[in-house]
Amino acid sequence: MLKVGSDFSGVGAFNQALLRLGKPFKEVFACDIDKYARETFIENYGEPEYYPTNVYEREIPQESLDVYMTSPPCQAFSLAGKRLGKDDKRGILFFNSLEFIQVNKPRYFIFENVKGLLSDDNGKTFNEWVNLLGGKSVNGLPVLFAYEDSVPYHLYWKVLNAKEHGVPQNRERVFLIGIRDDKDNNFRFPVEEHLTKLLKDILEINVDKKYNMTEKGIFYILEKIGTYTGINEPIVRCITTRYSASISGTFLNINNIYRKLTPRECFRLMDFPDSFIWTCSDSQAYKQAGNSIVVNVLYKILKNLNL
C-alpha cells in the first residue's frame, strides 16, 4: 500500500488523482490552513488521522513516504500578483517543503507552482529551487557540483498546460518531480494529447440566473479584459482564485446572455468529478477551484512513476 502525504493540500486534487490511479494508499497526513478548504476536504475524503493546519508545526513522519506532494502558495511568484518572491513569507514556504524531503526522504516528490516562478528575480528563484531539489541530476543531466544542502534526487521539471492534457482550460503550471537516488530514475512527463473535451461539454444546463452578469459587470469586464469566452470556443482562460470578483475574463456569452461559470463548471475545468461536493459559499468554492491542481495532469504524472 502506498504511503502518501501532502502539504498545502487544498481540496484534495492529489487525493482525486490517487483514487483515479486505482492503487491502495494510506494518507499519512494532509496539511492546510484554510478553514473552508479543510471542510471541503473532510466532506469528500474524511478527516485524515493527522491533519495539521500549519506546515511549520507539522511533524515530519520518520518512515519515508512513497509520494510527497506539495504546492507552496503561488501568490508570491504569480504573474498576476506583486511578484515579491522570497521577500513574501509565502515564497519562502518552499524551504519548509525542502526540509521535509531532507528529513523524510520520500521515494518521490511532486512540486507544483505557477509558471511565473520561472522568471521570478530573473530566474534566480527557480534556479535555486532546481539546485536544491536536484542534487543528482536535472532532466537527465548529471549534476557535477551539487549544493552542499541539496537533496540527492533526480529532478525532472516541465511546464504542463491543462489544455494539452484533456481539460479545456489554458492553465500552465510548472511541475518538479523528484526521484530518490536508489530508485529507477527513468521518468518521462506525460505526452500531450489532442483535446476532445471542449468548453461546451462541461457547461451545466438550466443555470440559475444569479450567475448572469449585470450590465455594469459586463462593461467593467469588457473595458478591463476586452473580450469574453463564447460557448463555441474550445477552451477557457485560466481559472483564478479571484473568479468570484468577476475579473478573470472567463465568463460566457450564451445566446447573448452573459454569465459567470458556475462553481461546478469551475471544478469540472479542474477535472474534478461531479461526485465532488462542497458546503461552503460560491465565493469560497471559486477560490478552492482556482487554488487547486488539474486532476488529470497529476494522475498522468503518478501513472508515469514506478509506483
Check: [X]/[Y] side-chain N/O donor and acceptor closer than 3.5 Å:
| X | Y | value |
| --- | --- | --- |
| Arg107 | Asn306 | no |
| Thr125 | Asp120 | yes |
| Tyr299 | Asp271 | no |

Would you check if the side chain of [X] reaches a backbone N or O of [Y] as a donor-acceptor pair within less than 3.5 Å?
| X | Y | result |
| --- | --- | --- |
| Lys23 | Leu307 | yes |
| Asn104 | Phe100 | no |
| Asn113 | Pro72 | yes |
| Arg268 | Ile202 | yes |
| Ser281 | Gln284 | yes |

Item checked: Residues Ser9, Phe29; criterion side-chain contact (heavy atoms from CB on, under 4.5 Å); working and verdict -> CA-CA 10 Å; Ser9 308; Phe29 76 94; over 6 Å; no
Rounded to the nearest 0.5 Å, what separation is found between the [atom1] atom of [X] and the [atom2] atom of [Y]?
| X | Y | atom1 | atom2 | value |
| --- | --- | --- | --- | --- |
| Phe175 | Ile110 | CZ | CD1 | 8.5 Å |
| Ile301 | Leu160 | CD1 | CG | 5.5 Å |
| Glu112 | Arg173 | CD | CZ | 6.0 Å |
| Glu172 | Glu164 | CD | CD | 7.5 Å |
| Lys35 | Cys280 | NZ | SG | 11.0 Å |

Item checked: CA sep, side-chain torsions, deciding dist, call: Asn304, Phe189, side-chain contact (heavy atoms from CB on, under 4.5 Å) -> CA-CA 7 Å; Asn304 283 8; Phe189 276 100; 5.8 Å; no
Answer yes or no: is there an ion pair linking [X] with [Y], defined by an N-O contact shorter than 4.0 Å?
| X | Y | result |
| --- | --- | --- |
| Glu63 | Lys105 | no |
| Lys163 | Glu192 | no |
| Arg264 | Glu204 | no |
| Lys287 | Asp34 | yes |
| Glu27 | Lys3 | no |
| Asp208 | Lys210 | no |
| Arg180 | Asp66 | no |

Next item on the list: Indicate the ring-plane relationship of Phe276 and Trp278, choosing parallel, tilted or perpendicular according to the 30° and 60° boundaries.
Entry: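 Plane angle between 30° and 60°, so tilted.
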Note to self: Please verify the inter-ring angle class for Tyr153 with Phe109; under 30° counts as parallel, over 60° as perpendicular, anything in between as tilted.
What the structure shows: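 Tilted, since the angle between the ring planes falls between 30° and 60°.
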Checklist line | Which atom of Phe25 lies closest to which atom of Leu19, heavy atoms considered | finding: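 Distance-wise, the nearest heavy atoms are CE2-CD2, 4.0 Å.
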Next item on the list: Could you pull out the closest heavy-atom pair between Gly10 and Asp32, with the gap in Å?
Entry: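 Closest approach of Gly10 to Asp32, heavy atoms only: N-OD2, 2.8 Å.
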Would a single hydrophobic cluster contain both [Y] and [X], if residues Ile, Leu, Val, Met, Phe, Trp and Tyr are joined by side-chain heavy-atom contacts under 4.5 Å?
| X | Y | result |
| --- | --- | --- |
| Phe187 | Trp157 | no |
| Phe94 | Tyr147 | yes |
| Phe126 | Ile177 | no |

Margin query: Please identify which of these residues, Leu176, Leu132, Val143, meets the side chain to side chain contact (heavy atoms under 4.5 Å, CB included) condition with Leu155.
Written below: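 Running side chain to side chain contact (heavy atoms under 4.5 Å, CB included) over Leu176, Leu132, Val143 with Leu155 returns exactly one hit, Leu176.
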Checklist line | Arg38 NZ/CZ over Tyr51 ring centroid, <6.0 Å and within 45° of normal | finding: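 Geometry flag: set, cation within 6.0 Å and 45°.
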Notebook entry, point to check: Checking side-chain contact (heavy atoms from CB on, under 4.5 Å) for the pair Cys238/Gln169: CA distance, chi angles, key distance, verdict?
Noted result: CA-CA 6 Å; Cys238 183; Gln169 181 188 172; 3.9 Å; yes
Notebook entry, point to check: Checking side chain to side chain donor-acceptor pair (under 3.5 Å) for the pair Thr40/Gln288: CA distance, chi angles, key distance, verdict?
Noted result: CA-CA 9 Å; Thr40 299; Gln288 291 170 11; 3.0 Å; yes
